[in-house]
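Remember, it's a predicted structure, so these values are computed and weren't measured experimentally.
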Amino acid sequence: MILGKKNKFFADDGWAFWVDGDDTSTIYLNNWLNPKGISYMDVAIHIRGIKETKSLNMYFPFAIDKSEFEDVSLSFENENLSRAIFSSMCVVDYKKNNVTSEIAYNGKTVDIVHISSVNYSLKSVSKGTLMNISFEEIFDYLDNDEVYFMFRIPHKSITEVFKQRTKVGNFLTRIRDMIMSPIVSESYCYSVRINEARLLPKEINSVGAFHRQKLKKAVVTISIADDYEINDVACYKIRRLEEELYKNFLPPSFNNENIVTYQWQQNREINLKGHFNFYFNISRNAISPGSVLIYILIIILLNAVGSSVWDLAKTLYALITQ
């Protein structure tokens with residue numbers, strides 16, 4: 001959910017991820033926020049026990065087609081990027097076969113499925129899109145029981161919230177606002193809530209497997225321009241990503257500064273409800289270019305009028321004193 005406080009425009013999105021099978025899954029959501037352009041969401045699903053599973057299902061709360069999916073796993077040919085992503089030294093067998101690469105790190109070996117090489121289905125559901133990846137066709141390419149699926153898509157609902165909107169009112173009203181309020185304030189409240197099925201359409205909410213499965217960990221990466229202030233005191237910040245290693249992995253129009261990763265971990269033995277809830281505020285105050293232009297025009301006008309009045313006063317004085 002993200003809420004623009006000034007104009008009360010908000011997105012209350014429900015995303016859904018579930019696996020058909022007996023598995024242990026972890027989802028990583030790297031959300032690239034861009035208030036001045038397109039925002040993106042990186043999705044990574046880590047499945048242990050994939051040999052016992054049948055499919056991976058995902059619901060996105062907006063329309064999307066295959067041309068908008070970016071296979072970020074193809075970047076792992078650069079082992080520096082792999083080291084940045086996995087926070088560890090990695091040995092990469094890039095494109096080991098037609099479907100997967102293999103990465104060894106932290107004493108284990110996992111398969112990375114290249115989604116661009118996999119047949120998956122997209123189906124319109126409610127106002128969103130349901131994605132299904134069947135595992136039957138990829139089993140022959142898997143050498144390990146741990147697998148990552150990774151891709152990047154535009155986060156359309158967040159981009160819509162950040163979209164600049166023309167203020168209503170007539171021309172004179174807008175001029176008055178620019179004169180009276182030269183400071184433009186932006187304020188957003190961003191929150192992530194895990195396992196809140198009420199936000200999903202009924203077609204997804206009725207899926208039994210989705211209700212049974214609880215995530216063990218949630219990881220979110222935020223990147224935002226440094227002229228915005230972020231209040232993240234309620235969040236557990238684990239690190240800043242390595243700038244030099246990560247710079248070639250960023251979406252378009254992003255820089256490699258101010259990249260922060262946050263993490264939440266749930267102990268299933270203690271709390272089976274699996275609650276995750278975090279939020280922070282994003283704000284920025286800036287001088288309106290329109291107000292500056294108006295002030296410059298007023299100064300020029302007053303200067304011109306003042307000069308004319310002064311010249312007229314000198315002429316009248318000369319006539320009077322003759």
Side-chain angles (χ1 to χ4, degrees), residues 1-17 27-43 58-65 68-70 124-131 151-169 174 177 181 183-201 204 218-235 250-255 258-262 264 276-290:
M1 173 184 180
I2 188 164
L3 169 66
K5 293 182 179 178
K6 185 172 183 179
N7 53 17
K8 303 301 181 183
F9 190 86
F10 68 95
D12 198 1
D13 291 344
W15 297 55
F17 303 84
I27 180 172
Y28 300 83
L29 301 177
N30 297 339
N31 207 2
W32 306 104
L33 304 183
N34 186 359
K36 296 184 178 180
I38 300 176
S39 294
Y40 293 88
M41 175 74 84
D42 288 1
V43 177
M58 289 162 277
Y59 170 76
F60 313 116
F62 43 77
I64 191 168
D65 58 58
E68 297 176 279
F69 281 73
E70 179 184 353
S124 295
V125 176
S126 187
K127 295 182 180 180
T129 305
L130 178 62
M131 179 181 184
F151 57 87
R152 175 179 294 157
I153 58 176
H155 197 158
K156 297 182 179 181
S157 49
I158 299 298
T159 297
E160 180 64 23
V161 172
F162 281 135
K163 182 179 179 181
Q164 297 295 320
R165 291 172 172 76
T166 304
K167 293 181 179 180
V168 297
R174 292 197 295 272
D177 291 342
S181 303
I183 303 298
V184 177
S185 297
E186 298 177 57
S187 183
Y188 307 94
C189 176
Y190 181 80
S191 68
V192 174
R193 301 183 300 274
I194 308 297
N195 290 325
E196 291 211 16
R198 65 181 181 83
L199 301 176
L200 299 170
I204 305 300
V219 179
V220 178
T221 299
I222 302 297
S223 174
I224 197 166
D226 57 6
D227 54 344
Y228 285 83
E229 294 184 0
I230 297 181
N231 180 2
D232 57 1
V233 294
C235 303
L250 302 180
S253 304
F254 284 82
N255 57 48
N258 308 301
I259 303 173
V260 184
T261 298
Y262 306 86
W264 297 260
F276 296 93
N277 188 9
F278 76 96
Y279 65 91
F280 53 85
N281 296 316
I282 304 171
S283 61
R284 183 179 78 123
N285 292 325
I287 299 176
S288 168

Results of side chain to side chain donor-acceptor pair (under 3.5 Å) for Asn34 - residues two or more places apart only: none

Between Phe151 and Ile153, what is the shortest heavy-atom contact and its length? CD1-CG2, 3.9 Å

How many angstroms lie between CH2 in Trp32 and CG in Asp42, if you round to the nearest 0.5 Å? 6.0 Å

Below 4.5 Å, heavy atoms only, C-beta onward: do Tyr188 and Leu33 meet side chain to side chain? no

In Å and rounded to the nearest 0.5 Å, what is the CD1 to CE distance from Ile64 to Met41? 11.0 Å

Nearest heavy atoms of Ser39 and Thr159, plus distance in Å: N-OG1, 2.9 Å

How long is the gap from OH on Tyr40 to CD on Glu70, to the nearest 0.5 Å? 8.0 Å

How close do Pro61 and Gly14 get, counting heavy atoms only, and between which atoms? CB-O, 3.9 Å

Please name the pair of heavy atoms, one in Pro154 and one in Phe62, separated by the smallest distance, quoted to 0.1 Å. O-CZ, 3.4 Å

Separation of Lys156 NZ from Thr129 OG1 (nearest 0.5 Å): 7.5 Å

Applying side chain to side chain contact (heavy atoms under 4.5 Å, CB included) to Ile27 and Trp15, what does each step give before you reach the verdict? CA-CA 12 Å; Ile27 180 172; Trp15 297 55; over 6 Å; no

Working to the nearest 0.5 Å, report the span between CG of Leu250 and CZ of Arg152. 7.5 Å

How long is the gap from CG on Leu130 to OH on Tyr59, to the nearest 0.5 Å? 9.0 Å

